[in-house]
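Working notes for the structure below.
Model, not experiment: these values are computed from the prediction. Letters A, B, ... mirror the listed sequences (proteins, then strands); counts begin at 1.
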Amino acid sequence: MLGPALDQVEISLFGPGYGECAVIHLGNGNWLVIDSCIDSSSGEPAALAYFDSIDVRPAEAVRLVIASHWHDDHIRGLGKVLTACRDARFCCAAALTQKEFLACVFDYSSLHSTVSSSGMNEILQVFKSLDNRTPPYCTPLWANPNRKIFQLPSQQSGHGLECSVTSLSPSDKQYQKFLIEIAALIPRHLETKLRAVAQRPNHVAVVTWVQVGDVSILFGSDLEDSPDLELGWSTIVASRERPNGRASVFKVPHHGSKTGHNAEVWQGMVVEQVHAILSPCVRGRTRLPSVEDIRRVSEQTDRAYITSSPSTSASKKRRPYAVVKTIRETVGSVRAAQPPMGWVRLRNGGAQHPDAWTVHLSEEARPLAELIRPAT
Amino acid sequence: MHGSLLCDIADDTFEAKRDWSLAQEEKQYDSSSESRQYDRPTKLEYQPIDLSQLFPPPRRQRREFQSTFSALQEWEGYVLSVSAETFSARLIDLTECKEYEEEEIDFPLADLSDSDLKELRLGAIFRWAIGYRRTRGGTKERISKVVFRRLPAWTKRELENNRRKAEEWAIRLVGE
């Protein structure tokens with residue numbers, strides 16, 4: 001597979017299976033990784049598999065790795081990614097490095113069980129990876145509202161345009177709310193150990209704004225909206241310090257759900273007919289985006305793409321007949337936990353045509369509207 | 001039983017028997033002449049006690065046949081959600097030594113034992129095994145069993161250690 005040209009901006013979104021991951025080429029071989037997911041077929045982080053396929057060496061090329069939040073559907077394999085990207089700074093919400101949350105990480109990492117501990121183990125791997133580095137790479141950058149966490153001067157960008165990465169959240173109130181919610185996760189003495197249950201809504205999701213010259217890209221993470229104007233998207237939209245401009249590419253938050261939707265974001269922060277990308281989330285009986293979500297996003301833009309359909313099939317594992325029969329008699333069927341992983345890739349026209357995006361879809365990916373309207 | 005305890009019991013019994021014997025002797029000699037007192041039997045002349053009469057022989061324990069279970073397929077899972085009749089769970093295939101959850105099920109609550117129902121909550125971890133059980137007499141039956149793992153509880157020491165580690169790491173992560 002061919003990688004982007006040195007002056008091209010590229011955004012690749014992978015997901016699910018298990019989680020989602022965005023890989024961004026800023027220019028001149030400088031890459032940014034947001035979150036991580038595991039390709040269920042290979043068992044490897046999707047970002048590393050992609051870099052390998054386009055002959056990019058993550059140890060030298062990746063400049064910044066962002067963990068948008070700690071839920072395991074967004075950071076599976078992030079420890080491996082960070083270890084491979086040894087020259088990258090790591091950015092996360094400050095709340096994840098506070099002792100209250102770290103205590104929970106250690107508590108839930110000691111389950112002595114095969115079952116992973118809801119992102120806690122992965123976060124611990126990330127911090128252990130940081131601990132093995134030299135300054136300043138061992139210290140995380142804390143995501144705060146309107147903080148520039150990375151800059152690439154125009155002379156180094158390959159296309160002559162200055163690049164910057166700005167975090168737009170979490171706010172102070174989101175930070176406090178998160179610490180209060182973490183208190184509910186703290187285990188009690190003599191309580192039976194179990195897997196950590198992720199709290200919803202997500203209050204410490206890091207929303208990221210990437211600027212390459214006049215071209216902007218908005219990554220919505222899993223931030224959900226809230227009636228409280230100091231939480232959710234409202235506080236970002238209302239901020240006067242956030243970067244100006246409207247994004248021409250929008251990673252739709254929270255898998256397109258209505259809880260991640262804020263009309264003012266579509267009206268005020270992204271261009272009309274923005275290139276919208278998202279990955280599905282399947283968890284138990286929950287399927288995101290739902291049919292209603294698909295209709296809502298499709299009404300905002302005709303250029304919405306999803307990495308994979310939000311539906312799972314029966315597990316395709318081959319098992320002895322006695323096992324298959326027993327499964328049929330007890331639970332009916334065993335289904336795949338996630339749809340197969342797909343990816344959506346956007347590349348612009350380089351320095352000549354920075355606003356002209358070319359879309360490439362993997363076999364599983366498709367235009368979002370096709371999910372409710374058959375392809376012609 | 002411990003040797004000294006046997007001796008204690010033997011001694012107590014001996015003394016009880018001796019006391020009783022002496023009491024009987026005293027009754028006999030009570031109305032007797034003084035000379036008879038000098039004919040009272042000494043301790044050494046008493047019959048030795050047969051300890052085997054004190055402790056019946058051990059009953060031979062009949063060894064119960066232990067049924068065996070051989071698993072064809074095993075998963076470990078955690079509970080995602082609980083509804084009125086089922087619970088949803090994610091599964092890791094232990095038979096294939098997988099590290100991530102690749103499968104999901106909806107399991108009927110009616111199939112859980114009363115003790116497992118008490119353990120059912122979000123995040124609870126369980127094992128599901130399908131295989132054959134061979135019982136006494138060679139009967140073979142195919143069974144499916146779900147067992148909620150009663151993982152060790154968080155101890156006070158563990159929680160305190162983790163808090164201490166958390167404070168150390170919070171300082172390390174800011175580079176101090």
Structural part of B/T155 lying under 4.5 Å from a heavy atom of chain A: backbone
CZ (A/R188) with more than 12 external heavy atoms under 6.0 Å: yes
Heavy-atom check, side chain of B/R90 versus side chain of A/R283, under 4.5 Å: yes
A/K316, part contacting chain B, at a heavy-atom distance under 4.5 Å: neither
Distance flag, aromatic centroids of A/F101 and B/W169, threshold under 6.0 Å: no
Heavy-atom pairs under 4.5 Å with chain B, option from A/A103, A/P187, A/G284 with the top count: A/P187
Flag side-chain contact, heavy atom, 4.5 Å: B/R172 against A/D131: yes
Chain B contact residues among residues 327-336 of chain A, heavy-atom distance under 4.5 Å: A/I327, A/E329, A/T330, A/V331, A/S333, A/V334, A/R335, A/A336
Heavy-atom pairs under 4.5 Å with chain A, option from B/K156, B/E119, B/R121 with the top count: B/K156
Under-4.0 Å salt bridge between A/R76 and B/E99: no
Residue-level interface, residues 77-99 of chain A with chain B, non-hydrogen cut-off under 4.5 Å: A/T97, A/K99
Intermediate values then yes/no, side-chain contact (heavy atoms from CB on, under 4.5 Å), B/R163 and A/I186: CA-CA 11 Å; B/R163 264 121 208 81; A/I186 294 173; 3.2 Å; yes
Partner of A/R319 under side chain to side chain contact (heavy atoms under 4.5 Å, CB included), chosen from B/I130, B/D93, B/L72: B/D93
Atom CD of B/E85 with >12 non-hydrogen neighbours under 6.0 angstrom: no
Contact summary for B/Y132 and A/A322, nearest pair of heavy atoms: OH-CB, 3.4 Å
A/R285 side chain to B/S88 side chain, donor-acceptor N/O pair below 3.5 angstrom: no
Pairs of heavy atoms under 4.5 Å with chain A: top-ranked of B/N161, B/V79, B/I143, B/L80: B/L80
Greatest number of heavy atom pairs closer than 4.5 Å to chain A - which of B/K165, B/E168, B/E167, B/R164: B/K165
Test salt bridge (charged side-chain N to carboxylate O under 4.0 Å, His left out) applied to B/E102 and A/K317, step by step: CA-CA 10 Å; B/E102 296 178 324; A/K317 289 196 174 215; 2.8 Å; yes
